[in-house]
Enquirer: 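Mind looking over this structure? Questions follow.
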Protein chains: 2
Amino acid sequence: MSVADGAVRRSRAVAGEALRREAIEAAAELLVSAGPQALTMRRVATAIGASTTVLYTVFGGKDGVADALYREGFERLRARLEAVVAADPLVRLHELAHAYRRSALTDRSFYAVMFERAVPGYEPGPESLEVARASLAVLVDAVRDAMAAGLLGGDDPEPVARLLHAAAHGAVSLEISGHLEGEGALRCFRELTAAAFAASARPAAR
Amino acid sequence: MSVADGAVRRSRAVAGEALRREAIEAAAELLVSAGPQALTMRRVATAIGASTTVLYTVFGGKDGVADALYREGFERLRARLEAVVAADPLVRLHELAHAYRRSALTDRSFYAVMFERAVPGYEPGPESLEVARASLAVLVDAVRDAMAAGLLGGDDPEPVARLLHAAAHGAVSLEISGHLEGEGALRCFRELTAAAFAASARPAAR
DNA sequence: GAAGATCGATAACGTTGTTTTTTATTGGGA
DNA sequence: TCCCAATAAAAAACAACGTTATCGATCTTC
């Protein structure tokens, strides 16, 4: 319990953190390039030139890897949403919706980990769900701006953001599940998000 | 290639069909009672008192079992939707939406096979997707009735039914993924389906 | 410098989906 | 009636998976 001990513990911790990042990136690469099926402990281990044992000390098990990918996926989604810029709040909201769809269709395997249960045993705990929720803060902010500008009704942006999310998510989910074909998928997405916007614009009408 | 030969083949075919039904029911029981994780070829085989080999002759592999469960799930959903009766077309549509949600929340494991990709390797082929689409014919019929009664705009019920499905599905999917808590989940579902109804009522407004 | 602890690699275990081998059964011809 | 060929299921084997136990090696500390 000396100073050196603390330093050692810290150095090991940062080494472990570097290894953790490396493993997460390898796992993400595997996930994206070969799908959730290819995400095995052995493959991740060999991808970082290590054995499976270290993955168990760092992640605890496959659930830990899945959890890291879950958060990584929402982190990437947040980056994509934050990249959306538009002066008009309503335009921004529309573009956020389309960014959400694009993100899901592009990173299908990540989406599968995040919203389908692509890693058999795993389901996110409360903390990971909170991370997921926080990554949609951009959406909440945009709704707040639109409310402040008088473009959306109401004063609590959270439930409205959830409604918009559910709208976008519903169309995207059906599209990914194969129930909507290319042309109709985009139209369904547009119509449903527009419907959610319209409903949010006049909350007294519900 | 005699007549007897045909009879034998037929008798073997009906025996295989009976076995198939038995296996599907055992698999469904396993799926519902213990989740997608517990759905293994060995367990299904022992549940029907047979060996795994027969499952491979009947279903071809685990994908075949998953496909059978996929169709079975949509069949059960259809039965639930068809059980909804209401004189007023709009009331009927609302109750169909709630029946959809109830069905998803009740048979979560089936829902996982149908809309999440709970069986790792499997994804439905075109024929199975068609079966799935057909099971929502009740919804299309109800939309058609509402249009005929002048309660919904437009003349093509299919895209409107898809919109309503996407609305209900979006809220349910987020709820099942853990992103909506009990109280807010139902409210989000109600608001989104209401928004879809409202948008369908005046299609010129979009 | 030596004792002790800690961490990672190797190897093993149990289980999975799938395939191969073997065994039993069954229909058809001499 | 008896035997053979074909067929289907059972038993066993195989590769790969998640996970855990064993065993060196390295590194801190006295």
Side-chain angles (χ1 to χ4, degrees), chain A residues 1-20 22-23 26-27 30-31 34-69 113 117-123, chain B residues 1-20 22-23 26-27 30-31 34-69 113 117-123:
Chain A
M1 59 189 78
S2 67
V3 176
D5 196 13
V8 164
R9 195 164 299 172
R10 183 166 57 246
S11 97
R12 280 184 179 162
V14 312
E17 199 57 34
L19 191 66
R20 183 183 167 86
E22 201 179 348
L30 247 104
L31 179 66
Q37 280 251 67
L39 187 73
T40 72
M41 299 296 271
R42 282 175 168 86
R43 270 200 258 264
V44 174
T46 59
I48 63 174
S51 187
T52 62
T53 316
V54 64
L55 294 180
Y56 281 85
T57 71
V58 173
F59 294 97
K62 192 175 185 185
D63 283 9
V65 177
D67 193 61
L69 289 176
V113 172
R117 298 162 182 276
V119 180
Y122 170 73
E123 64 184 323
Chain B
M1 57 187 78
S2 66
V3 176
D5 196 12
V8 165
R9 193 165 300 170
R10 183 168 57 247
S11 97
R12 279 184 180 162
V14 313
E17 201 57 34
L19 191 66
R20 183 182 168 87
E22 200 179 347
L30 236 79
L31 180 66
Q37 280 252 68
L39 187 73
T40 72
M41 299 295 271
R42 279 175 171 85
R43 272 200 260 263
V44 174
T46 58
I48 63 174
S51 185
T52 61
T53 318
V54 64
L55 294 181
Y56 282 84
T57 72
V58 173
F59 294 98
K62 193 176 184 184
D63 283 9
V65 177
D67 193 61
L69 289 176
V113 173
R117 298 163 182 277
V119 180
Y122 169 73
E123 65 184 322

Enquirer: Kindly say whether B:A38 contributes a backbone atom to a donor-acceptor pair with the side chain of B:R43 at under 3.5 angstrom?
Expert: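 Side chain of B:R43 to backbone of B:A38, a donor-acceptor pair under 3.5 Å: yes, one is there.
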
Enquirer: Restricting to pairs with a member in residues 48-67 of chain B, which pass side chain to side chain donor-acceptor pair (under 3.5 Å), not counting sequence neighbours?
Expert: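 Checked against side chain to side chain donor-acceptor pair (under 3.5 Å) - neighbours excluded - the pairs reaching residues 48-67 of chain B are B:D67-B:R71, B:D67-B:Y122, B:D67-B:S128.
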
Enquirer: Do side-chain atoms of B:T46 reach the backbone of B:G49 as a donor and acceptor pair under 3.5 angstrom?
Expert: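 Answer holds: no.
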
Enquirer: Summarise protein proximity over nucleotides 12-24 of chain D in one line of letters, 5' to 3': B for base, S for sugar-phosphate only, - for none, counting protein heavy atoms closer than 4.0 Å.
Expert: -B---BBBBB---

Enquirer: Using every non-hydrogen atom in the two residues, find where A:Q37 and B:G121 come nearest and quote the distance to one decimal.
Expert: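 Minimum heavy-atom contact is NE2-CA, 3.2 Å.
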
Enquirer: B:L55 has an atom CG; how far is it from atom C1' of D:dA10, in whole Å?
Expert: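 Computing the B:L55:CG to D:dA10:C1' distance gives 12 Å.
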
Enquirer: Could you report the tightest heavy-atom contact between B:I48 and B:A23, atom names first, then the distance?
Expert: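 Where B:I48 meets B:A23 most closely, the heavy atoms are CG2-CA, 3.9 Å.
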
